[in-house]
Amino acid sequence: KRVGGRKKVTETTEGGILLFDEFFRANEQIFKILMQILLNRRFNSDYQLGDKWAIIACSNRPLDDDEVERGYEATGAVVGTRFSKQYNFIPNFDDWKKWAVKYGYFDDATITFLMQEKDPATGEYTNWHTVRPGEYKGGKSAWPVPRTWSQLMVALHNIMEDEGYSSILEIPSDTIMEQAAGAIGVSMAEKYVEFLSAYNSKFSPGEVLNNPKYTIPKGEMKC
């Protein structure tokens, strides 16, 4: 419609949240539209975003994703000044662990494994959260992150219920490997399965040192 020879702009009066997911993956044409909305709160010359609307943009961390890093380096400074706050949603491990044990089916053995290794630069547990962007080029699509670990625990919990196991340690190693490889990647899955086998072992170093007659249980150790 035109009012007094000018095109009328429709302004939204209701409120809400406008969410842009995978923000830094947008191609050039889409990104121009997003920037127009961010800078002017307007889409083309037809619609004006009212004051009751909030805008949220979501993205992977640039250090975890090559594509996101390129988009962030090209536009991050400009975009950053248009938002009031930025949040990093990698949780504190101790806080996350409370949820994981209570609601996420995580057992003591798995929690112990997640806490085995730390990145000295970031302080993050690398068995719990490690993404290497360069591996995308080799076709890798699974990494250990809180989300994929949670997916794995749900899958293993379902197997326990279906098969009548009382513990993850009772699940055959090849079954765990099959589930874990698709969730957290083959290399981390191999480390996890090896750790569970050792965790579940009846082998006792203390008895070996203190009891000259101690015999290693058959099948517990292999070269």
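Because the structure is a prediction, the values reported are computed rather than measured.
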Out of curiosity, does F83 fall in the hydrophobic cluster containing I56 (side-chain heavy atoms, cut-off under 4.5 Å, transitive links)?
no
When rounded to the nearest 0.5 angstrom, what is the spacing between CG in N127 and OG1 in T112?
11.5 Å
For atom CG of D51, is the number of surrounding heavy atoms from other residues, nucleotides or ligands below 6.0 Å larger than 12?
no
Evaluate the side-chain proximity of Y105 to M160: yes if any heavy-atom separation is below 4.5 Å, no if none is.
no
For F195 and A109, which heavy atoms make the closest approach, and how far apart are they?
CE2-O, 3.1 Å
Does any non-hydrogen side-chain atom of N60 lie less than 4.5 Å from one of E67?
no
With side chains defined as the heavy atoms from C-beta onward, is the minimum distance between K97 and W128 less than 4.5 Å?
no
From L196 CG over to I171 CD1, what is the distance, rounded to the nearest 0.5 angstrom?
9.0 Å
Interatomic distance, CG@L38 vs CZ@F23, rounded to 0.5 Å, equals 5.0 Å
Can you find a heavy atom in the side chain of W53 that is under 4.5 Å from one in the side chain of E14?
yes
Do H129 and D119 come within less than 4.5 Å of each other through their side chains, counting heavy atoms only?
no
Nearest 0.5 Å, what's the CD-OH distance between E170 and Y165?
8.0 Å
Rounded to the nearest 0.5 Å, what's the gap from CD1 on I55 to CG on L19? Could you check?
11.0 Å
Side-chain touch W99/S150, heavy atoms, less than 4.5 angstrom:
yes
Residues S173 and S197: closest non-hydrogen pair is OG-OG, 3.7 Å
Please confirm whether the backbone N or O of Q48 pairs with a side-chain atom of R41, one donor and one acceptor, at under 3.5 Å?
no
Indicate, with yes or no, if I37 and L39 share a hydrophobic cluster defined by side-chain heavy-atom contacts under 4.5 Å among Ile, Leu, Val, Met, Phe, Trp and Tyr.
yes
Nearest 0.5 Å please: distance from the CD1 atom of I111 over to the CH2 atom of W149.
9.5 Å
Looking at D108, I'd like to know if its CG atom is crowded, meaning that more than 12 non-hydrogen atoms belonging to other residues, nucleotides or ligands lie closer than 6.0 Å.
no
Transitively linked via ILVMFWY side-chain contacts under 4.5 Å: V154 with L156?
yes
For Q116 and T126, what are the C-alpha separation, side-chain angles and deciding distance, and is it a side chain to side chain contact (heavy atoms under 4.5 Å, CB included)?
CA-CA 8 Å; Q116 268 200 319; T126 53; over 6 Å; no
Around E117, counting heavy atoms of other residues, nucleotides and ligands shown, do more than 12 lie under 6.0 Å from its CD?
yes
If you look at every heavy atom in S59 and V68, which pair is closest and at what distance?
OG-CG1, 3.2 Å
Treat each ILVMFWY residue as a node, draw an edge where side-chain heavy atoms are under 4.5 Å apart, and state whether I17 and L34 are in one component.
no
Any idea which heavy atoms bring M153 and D107 closest together, and the distance?
SD-OD1, 4.4 Å
Surrounding CZ of F31 (heavy atoms of other residues, nucleotides or ligands, distance under 6.0 Å), is the total greater than 12?
yes
Closer than 3.5 angstrom, by distance alone: can the side chain of T148 be matched with the main-chain N or O of I184 as a donor-acceptor pair?
no
Indicate the atoms forming the closest heavy-atom contact of A142 with A181, along with that distance.
CB-O, 4.1 Å
Hey, can you tell me if F113 and Y192 have their rings parallel, tilted or perpendicular (30° and 60° cut-offs)?
tilted
